[in-house]
Every structure is written in structure tokens, then in C-alpha cells.
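First the structure, in the form of C-alpha cells, and then the observations on it.
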Amino acid sequence: MTTVPEDVSLQGLRDALGPLRDREQTALRLLESSAKHSFDPDRDLDWDAPLEEGKWFWPPELVSLYDTPMWKRMSEEQRFDLARHEAASLASLGIWFEVILMQLLVRHIYDKSLTSAHVRYALTEIADECRHSMMFARMIHKGGAPAYPVSRLDHNLARVLKTVSTTPGSFACTLLGEEILDWMQRLTFPDERVQTLVRGVTRIHVVEEARHVRYAREELRRQMATAPRWERQLTSLSAGEAARVFSVAFVNPEVYTNVGLDRRAAVAQVKASGHRREVMQAGAKRLTDFLDDIGLMQGLGRRLWRSSGLLA
């Protein structure tokens, strides 16, 4: 197979994590993995099977109110219902995020060789994300909860982001959206307390997102190793601001209203919850450690990450 060689000036690059891999070889390995381990959710999941009585839509420990005073007063039925609505909220957030990601990937490859393995893998990932978005939408519908769009402000902030984002900023935001949800989904798909359909959805997403994370990490390292100082600083700031927005949008507060809870009291208890803070920081730790290693957790950017609650 003929591949497009990398720019000679970029060969032999190193960063704090060591030598950077050849971009084309990385893409070829990811394409091979995609050929072996890809799914068609419409065919590979049993959408016609009835939902199971007494099973969760999301592990209770990952529900935002878990272990709060309000949670302890809730009936078991109300807890199950909150988990169902939060699963719909997260799936809605996932669709919103993946639509942004697909646009960022198209921008990334626009000026690159369209016959390269790097571009072919980006197009493969876009196809994966299309299927994931349809899969999440179908899961929301099956569960009977409404879709939960992000706020108008966040929706329009993202419109600006996907228009003006630098390439390293795009990949940093990609990892923010992918890695925290991935951590939660890795706890979900083996959990037999959870609905079989939800476990199937999260398993597909985990398997295919592992490739997406690898692609984004490798490209972000390459971009950071070659970016001018102003772009590295801008990327640090934009990633920190994206973390702040993401942490606010993670669960739509309307879920509390829709299960009969006092919305303001619920939001306050989630903010005060030590358990919730630990869950979110554990979900983000692998990412924040990586971003720290490649120089993206400095100064104001680091303070923004701390203010988001995703960094201790």
C-alpha cells in the first residue's frame, strides 16, 4: 500500500512523552482496527427487546445526586427515573458534541492530502460518529425520556468554537468530550444492574472511541510540538474554558424538574457533593494528566480547569 510520506521537517519530533509516531503508520493501524472492530448499531443491538424491570439506565453511583441528602430521601422508583433522564441528558450531550467533532474533523483534513491514510482515518471516524449519534438518539427514544439540548448560550458558544478553533484547540476539546464519558461508559457496559440495551450502546461506544482517542492524542501531541508559543497559550486557555462549559452542561438541570425534584435544591446539592466531585475528577484524571504532560495545564488555563471542578 502506498502512503503519503510525512513532511521531512516533522520526522524525529519528540515531546515530554517521547518520540512522536509516524502519522501515516498510526492511521494505518487505526484503519486496520476499524476494519476488524466496527459495529452497525441498527443491526448489532436488539432494539425490539422490551426494557427490563428493575434495571437502571445508568449506574446509580454515576447519577449526579448519588449519596446526597436529597438522594437518601428519594424513593427507589424516583432514583431509577432520575437515572433514566440523566442517561437521556448524557446521550443528548453526546450527540451535540459529536456533531461539533465531525465539523472539526472536516476542517482538519480540508487542506491535507485526501489520499493519505491520516485523512482516510478521519473520514472513518466521522462515519463512526454519525452512527454513534443515531444510536444515542435511538436510545433516548427507546427509554421514553425527552432529549435534553444544551443551553442556548452553550449552543452558540460552540458555534463560535467550531468556526475559530485552532487545530490543537480542536483536538484538546475532542479529548475533553470523549475521555470523561468513556471512563463512565467503561464502568457501565459490564454492570449487570444496567439495562441490556444501554450496556450494548456503551460497549459499542467504548470500543470505537478508543481509536478516536488514540488519533486525537497523537495529533494533539504533534500539533503542540510544532505550534508557536501564542498558539500553545491560546490552546491552554480554550481547553480550560471548554472544561468549564462542559462541566456545567454535563447534566441538564431540567432532569430534576422532570422527576419531580426541586431544581435549585438539586443543583446546589450536586455542587456540594464530595462524591460527585470525586467521580468527575476521576473521569477526567487520565486526560488532565496527559494534558499536563504536554504543557496544556499552565497558568490561567489550569485555573479554569480547577474552577470547572474537573481538576483537584
Side-chain angles (χ1 to χ4, degrees), residues 41 45-96 132 135-151 180-206 246-285 309-310:
L45 297 173
D46 186 356
W47 296 98
D48 294 325
L51 297 175
E52 298 150 295
E53 289 290 331
K55 287 204 171 183
W56 296 83
F57 268 80
W58 202 238
E61 297 82 5
L62 300 182
V63 176
S64 61
L65 279 170
Y66 181 81
D67 203 33
T68 62
M70 185 173 284
W71 177 269
K72 293 171 184 176
R73 293 194 302 268
M74 291 165 64
S75 67
E76 193 73 353
E77 181 181 359
Q78 201 170 27
R79 293 173 180 175
F80 272 87
D81 204 28
L82 178 59
R84 181 171 65 93
H85 281 264
E86 288 202 11
S89 176
L90 284 168
S92 301
L93 181 70
I95 295 169
W96 173 70
H132 294 172
M135 176 176 69
F136 288 160
R138 197 167 181 181
M139 186 186 79
I140 293 169
H141 180 74
K142 180 72 174 183
Y148 286 96
V150 298
S151 71
I180 298 173
L181 285 172
D182 180 74
W183 180 83
M184 291 187 170
Q185 289 176 335
R186 287 177 184 273
L187 297 177
T188 301
F189 80 77
D191 191 334
E192 295 184 357
R193 298 173 299 170
V194 175
Q195 294 280 345
T196 299
L197 177 63
V198 176
R199 293 173 63 197
V201 166
T202 54
R203 177 177 176 273
I204 287 174
H205 200 244
V206 162
F246 186 79
S247 65
V248 171
F250 202 78
V251 174
N252 189 317
E254 196 63 27
V255 301
Y256 307 123
T257 303
N258 287 345
V259 298
L261 299 173
D262 182 305
R263 173 175 169 169
R264 288 188 179 181
V267 169
Q269 290 198 19
V270 170
K271 287 182 178 179
S273 170
H275 173 81
R276 185 61 174 177
R277 185 165 50 253
E278 289 174 6
V279 164
M280 297 302 290
Q281 289 176 0
K285 188 175 190 311
L310 298 174

Item to check | Closest non-hydrogen atom pair between Glu86 and Leu65, with its separation | outcome: OE2-N, 4.5 Å
Checklist outcome for this item: Taking every heavy atom of Ala147 against every heavy atom of Ile140, the minimum-distance pair comes out as N-CG2, 4.0 Å
Next on the checklist: With rounding to the nearest 0.5 angstrom, report the CD to CD1 distance, Gln185 to Ile180.
Outcome noted: 12.0 Å
Checklist entry - Atom OG in Ser247, atom CZ in Arg277: separation rounded to 0.5 Å? => result 13.0 Å
Next on the checklist: A side-chain contact here means heavy atoms from C-beta on lying under 4.5 Å apart; do Asp46 and Leu197 qualify?
Outcome noted: no
Checklist entry - Any side-chain heavy atom of Val255 sitting closer than 4.5 Å to one from Arg263? => result no
Item to check | Greater than 12 external heavy atoms within 6.0 Å of Arg193's CZ | outcome: yes
Checklist entry - Under a 4.5 Å cut-off applied to non-hydrogen side-chain atoms, are Gln269 and Arg276 in contact? => result no
Checklist outcome for this item: Rounding to 0.5 Å, atoms NE2 (His275) and CE (Met280) come to a distance of 11.5 Å
Item to check | Nearest atoms (heavy-atom pairs only) where Arg84 meets Asp81 | outcome: NH2-OD1, 2.6 Å
Item to check | Parallel, tilted or perpendicular: ring planes of His132 versus Phe136, cut at 30 and 60 degrees | outcome: tilted
Checklist entry - Are Glu61 and Val279 side-chain neighbours, meaning at least one heavy-atom pair lies under 4.5 Å? => result no
Next on the checklist: For Val267 and Lys271: C-alpha separation, side-chain torsions, deciding distance, then whether side-chain contact (heavy atoms from CB on, under 4.5 Å) applies.
Outcome noted: CA-CA 6 Å; Val267 169; Lys271 287 182 178 179; 3.8 Å; yes
Checklist entry - With no hydrogens and no angle check, is any side-chain donor or acceptor of Asn252 less than 3.5 Å from a backbone partner on Pro149? => result yes
Checklist outcome for this item: d(Met184 CE, Leu187 CG) to nearest 0.5 Å is 8.5 Å
Checklist entry - For Ile95 and Ala137, which heavy atoms make the closest approach, and how far apart are they? => result CD1-N, 3.6 Å
Checklist entry - For the side chain of Arg79 and the backbone of Trp71, is there at least one donor-acceptor N/O pair under 3.5 Å apart? => result yes
Next on the checklist: Under the criterion ring pair (Phe, Tyr, Trp, His ring centres under 6.0 Å), I'd like the reasoning laid out for His85 against Phe57: C-alpha separation, chi angles, the key distance, then a yes or no.
Outcome noted: CA-CA 8 Å; His85 281 264; Phe57 268 80; 9.6 Å; no
Item to check | Closest contact, heavy atoms only, Ala145 versus Ala88 | outcome: CB-CB, 3.7 Å
Next on the checklist: Taking atom CD as the centre, does Glu192 end up with more than 12 heavy-atom neighbours from other residues, nucleotides or ligands that are less than 6.0 angstrom away?
Outcome noted: no
Next on the checklist: Over 60° means perpendicular and under 30° means parallel, so tell me whether Trp56 and Phe80 are parallel, tilted or perpendicular.
Outcome noted: parallel
Item to check | Stepwise side-chain contact (heavy atoms from CB on, under 4.5 Å) test for Lys55 and Val194 | outcome: CA-CA 5 Å; Lys55 287 204 171 183; Val194 175; over 6 Å; no
Next on the checklist: Around atom NZ of Lys285, are there more than 12 heavy atoms from other residues, nucleotides or ligands closer than 6.0 Å?
Outcome noted: no
Next on the checklist: Quick one, Tyr148 and Asn258 - any side-chain contact, counting heavy atoms below 4.5 Å?
Outcome noted: yes
Item to check | 4.5 Å side-chain heavy-atom contact, Leu45 and Ile204 | outcome: yes
Checklist entry - Can you tell me if CZ on Arg138 sees more than 12 non-hydrogen neighbours from other groups inside 6.0 Å? => result yes
Next on the checklist: Testing the basics here: between Ala284 and Leu310, what is the closest heavy-atom pair and its distance to 0.1 Å?
Outcome noted: CB-O, 3.6 Å
Checklist entry - In Å, rounded to the nearest 0.5 Å, how long is the span from CD of Gln195 to CD of Glu52? => result 5.0 Å
Checklist entry - Do the side chain of Trp47 and the main chain of Pro41 share a donor and acceptor less than 3.5 angstrom apart? => result yes
Item to check | Thr257 and Glu254: CA distance, side-chain angles, deciding distance, side-chain contact (heavy atoms from CB on, under 4.5 Å) verdict | outcome: CA-CA 5 Å; Thr257 303; Glu254 196 63 27; 3.8 Å; yes
Checklist entry - Given the rule in the side-chain contact (heavy atoms from CB on, under 4.5 Å) test, do Asp191 and Trp58 qualify, once you have shown the distances and angles that lead to the verdict? => result CA-CA 9 Å; Asp191 191 334; Trp58 202 238; over 6 Å; no
Item to check | Side-chain touch Gln78/Met70, heavy atoms, less than 4.5 angstrom | outcome: no
Checklist entry - Side chains of Tyr256 and Ser64: do they bring a donor and an acceptor to under 3.5 Å? => result yes
Item to check | Student check: side-chain heavy atoms of Val206 and Asp182 closer than 4.5 Å | outcome: yes
